[in-house]
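Just so it is clear, the model here is predicted, and its values are computed rather than measured.
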Amino acid sequence: MATIGEVLAIAFDEHRAGRVSEAAVLYRRVLKADPANPNALYLLGMAVWQSGQPAPCLILIGRALRLSPGWIEARINRAIILDKAGRSAEATADWRRLTLFDPGHPQAWRNLGDAFQAHGDAGTPQAVQALRRATRLDPGLAEIHHDLGVVLRRTGQIDEAVDSLVRAIAVKADLAPAHMNLGNTLLERGDDAAAQAGLQRALALSPAGPECWYNFGNALCAHGDPLRALRAYRRSARLGLALAHLRVATVLSDLGRLAEAEGELIESLPIPGVDVSLSIELLTNLFLRGDRRTEGRAFFIRLASTPLCGVVYRGECLTALAALDLRDGAPRTARDRLAAVRGDNGWFFTVKSLAALRATLADQGLQLVRPAAVGSDGGHRPPRVTSSSLATRGRFAHTVLEYILVRLYAEKHGFVLETPDWVGGAFFELNDPPQSGPLPPLLFARRTLNELVAGTAERAPIADRDILSPLFLFEHKREYRQRVQSWLRPRRVWEPHLAPAVERLRAAGNTVVALHIRRGDFVTANYPITETAWYVDWLRDWWPRLDRPVLYVASDDVAAIRHAFAEFHPLARADVVEEWAGLDFLQDFHVLMNADVVGTSAASGFSALAARLNTRARLFVEPDVAARRIRPFEPWTP
């Protein structure tokens, strides 16, 4: 009679030969005789996984690890399976445990870093730490240097990212992703020629790689070569990268080939992986640019009930129709059309908010009139810049923070700043002229603009470009404070919707303490969460020191937040002002701008911006997530 070891050996041979079901039968026979055999449990788990059953697989491997907790191979495969099964939080926890069991295992640190990367911006600092550890443990593994370079670029550490990617290539010269990402990073640093060279090397190594062609197209666009960029994007689309279709359409639009751009967008709508929401936005702009509003309405009404890959994009089509309403001068119609629509897309936010702002004016018989476009009289046209992404690539604080950087840049170099219709332009006392015509795009501009604003760049300033998604200042210096605060003052016409909140809070006490606690998409996007307990502890310490304090809480989860602060009798927006339909976020923002003490939410641009625009507060505090406490901070740095 065969021993357990002999049966396991036969089963393993069957398994390696691809006869998984036969191997599973033998593993079960071993377990019937020896239920606590860790090898049989683990191998049966792997066989079950290969049969498409992740849940029982994980149970079996878990039993094996309880019997043999130091089994590194089993821990690695369990974490991999958890990740592939969509249980990313558990996978991250397993990688972390593995680094405790075997702190010298470079692959464990690499996978832990990759797991943190999957958490988005919230996990980036931990990803950097884990990947740095992995590179120290195994400096000869090119892929780890590559992963570290990618995450360093995400954090804005561009020079360090370049160094890491160069090390990856030094170790493995034919690593195409390293050449591609080195090209992307050099492009962000402003080294256009070196970026193109890196991307061409990536293409030589991976000529059928659609991502390489796509990124090469980006480099050509940044270098001001739209025709070659168009060919690269088309090659990428033919090779199967769905998002390349939108870049094809964008370049065609920039070249004035509007009919071709429209055809590309419409033909690509049913392709799996295409960003239909962005396609609808781009199509709306084409209909508006060609003054074809009637045709556009008919198109979006049809599309609103047409499934694309099984999904109906009704909200996006209603947004398109509302944008057409706004161009028709019918803001109330646009406002009512979007009243029941929910979403967080930047373009939707812009259209819905502009509709509400303009409808508010229309109810008073007013409208916002912008100055004439630069050069519209046919005279000399000075150097200009714009940023069309102010209307599409973020919500309120994101777009205002981008505006600050672009305006500082334009003012420093004497350029005219033209802007699209955007929420900040309508809410604040801004008087920028509208866009007088399309401009070539400037991609990946954050570092370049920051250096040119700070005066640390040796390059000449760049004019006559559309600065797309420039992001923000690296440092909000005190030298900028008065200028920025002078620009970003709410228009007086909005005071009936803003002033009563502050007046009623001041009537209730002498010190207005305004706290912002962000929840909502921060939970689903894995951003750091501000715990109410930290602020409760801080308030218990500070409350007795303040002169007749009154607490105001701003949050997207007011009911839960109010309960947490019950001992301080908090007030919220609905307690102090009639809510401004569709624009209630601006009422919270106004209170934060005018409070005596401001508490921000972790990773929240909204409350950080309000703190920077507050000219009254004597104390600003923020969460220290690592220390799990509240600490003072200065919104403007020396």
- request: Flag the pair Ser387 / Leu468 as yes when at least one side-chain heavy-atom distance between them is below 4.5 Å, and no otherwise.
  value: no
task: Without swapping roles, check the side chain of Asn345 against the backbone of Thr392 for a donor-acceptor pair under 3.5 Å.
output: no
- prompt: So do the side chains of Arg629 and Asp537 get within less than 4.5 Å of each other, counting heavy atoms only?
  reply: no
statement: The single option from Val558, Thr600, Ile561, Asp557 that satisfies side chain to side chain contact (heavy atoms under 4.5 Å, CB included) with Ile517 is Ile561
query: Side chains of Leu220 and Gln196: closer than 4.5 Å at any heavy-atom pair?
result: yes
message: Given 3.5 Å as the limit, does a donor-acceptor pair link the side chain of Ser68 with the main chain of Ala64, or not?
response: no
query: When you look at Asp94 and Arg87, which way does the salt bridge (Lys or Arg N to Asp or Glu O under 4.0 Å) test go after all the steps?
result: CA-CA 11 Å; Asp94 262 29; Arg87 294 160 63 175; over 6 Å; no
query: Donor-acceptor pair, Trp213 side chain versus Pro207 backbone, under 3.5 Å?
result: yes
query: So which heavy atom on Ser604 is nearest to which on Arg518, and how close?
result: OG-NH1, 4.5 Å
- request: Evaluate the ring planes of Phe349 and Phe585, with Trp represented by its six-membered ring, and classify them as parallel (under 30°), tilted (30 to 60°) or perpendicular (over 60°).
  value: tilted
query: Within the side chain of Asn215, is there an N or O that forms a donor-acceptor pair under 3.5 Å with the backbone of Glu211?
result: yes
field: Heavy-atom donor-acceptor pair, Trp109 side chain to Pro103 backbone, under 3.5 Å
entry: yes
message: Please determine whether side chain to side chain contact (heavy atoms under 4.5 Å, CB included) holds for the pair Ser236 and Arg247, giving the CA-CA distance in whole Å, both sets of side-chain angles, and the decisive distance to 0.1 Å.
response: CA-CA 10 Å; Ser236 176; Arg247 291 299 302 154; over 6 Å; no
- request: Answer yes or no: is there a donor N or O on one side and an acceptor on the other, between the side chain of Asn450 and the main chain of Phe474, under 3.5 Å?
  value: yes
query: Can you check whether Ile61 reaches Met46 side chain to side chain, under 4.5 Å on heavy atoms?
result: yes
- prompt: Would Leu401 and His476 count as a side chain to side chain contact (heavy atoms under 4.5 Å, CB included) if you check the C-alpha gap in whole Å, the side-chain angles of each, and the deciding distance to 0.1 Å?
  reply: CA-CA 10 Å; Leu401 289 166; His476 287 81; 3.8 Å; yes
query: Does the pair Val312 and Thr306 meet the rule for a side chain to side chain contact (heavy atoms under 4.5 Å, CB included), with working shown?
result: CA-CA 6 Å; Val312 175; Thr306 303; over 6 Å; no
query: Do Ile158 and Arg153 touch side chain to side chain, with heavy atoms closer than 4.5 Å?
result: yes
message: I'd like to know if the side chain of His179 and the backbone of Ala197 have a donor-acceptor N/O pair within less than 3.5 Å.
response: no
field: Donor-acceptor pair between Thr155 and Gln157 side chains, under 3.5 angstrom
entry: yes
task: Given side chain to side chain contact (heavy atoms under 4.5 Å, CB included), test Leu471 with Glu402 step by step and report yes or no.
output: CA-CA 5 Å; Leu471 297 178; Glu402 290 198 332; 3.9 Å; yes
task: Grab the two heavy atoms, one from Pro210 and one from Leu239, that are nearest each other, plus how far apart they are.
output: CB-CB, 3.8 Å
query: If you draw a 6.0 Å radius around CZ in Phe12, do more than 12 non-hydrogen atoms from other residues or ligands fall strictly inside?
result: no
- request: Work out which heavy atom in Ala127 is nearest to a heavy atom in Gly113; give both atom names and the distance.
  value: CB-O, 3.4 Å
query: Arg446 side chain to Phe472 main-chain N or O, any donor-acceptor pair under 3.5 Å?
result: yes
field: Heavy-atom donor-acceptor pair, Thr530 side chain to Ala602 backbone, under 3.5 Å
entry: yes
task: Taking atom CZ of Arg29 as the centre, report whether more than 12 heavy atoms of other residues, nucleotides or ligands fall under 6.0 Å from it.
output: no
query: Is there side-chain contact between Lys352 and Thr319, with heavy atoms separated by less than 4.5 Å?
result: no
- prompt: Any salt bridge between Arg447 and Asp159, counting N to O under 4.0 Å?
  reply: yes
message: The test is salt bridge (Lys or Arg N to Asp or Glu O under 4.0 Å); show your working for Glu281 and Arg393 and say whether it passes.
response: CA-CA 11 Å; Glu281 176 191 326; Arg393 295 295 170 266; 3.4 Å; yes
field: Check: His245/Ser268 side-chain N/O donor and acceptor closer than 3.5 Å
entry: no
- prompt: Under 4.5 Å between any side-chain heavy atoms of Arg75 and Pro69, yes or no?
  reply: yes
query: Can Asn218 and Tyr233 be counted as having a side-chain donor-acceptor contact under 3.5 angstrom?
result: yes
- prompt: What are the two closest heavy atoms between Cys212 and Leu203, and how far apart are they?
  reply: CB-CD2, 3.6 Å
- request: Side-chain contact test, heavy atoms from C-beta onward, threshold under 4.5 Å: evaluate it for Arg228 versus His223 and give yes or no.
  value: no
task: Could you tell me which non-hydrogen atom of Trp49 sits nearest to which non-hydrogen atom of Cys57, and how far apart they are?
output: CB-SG, 3.5 Å
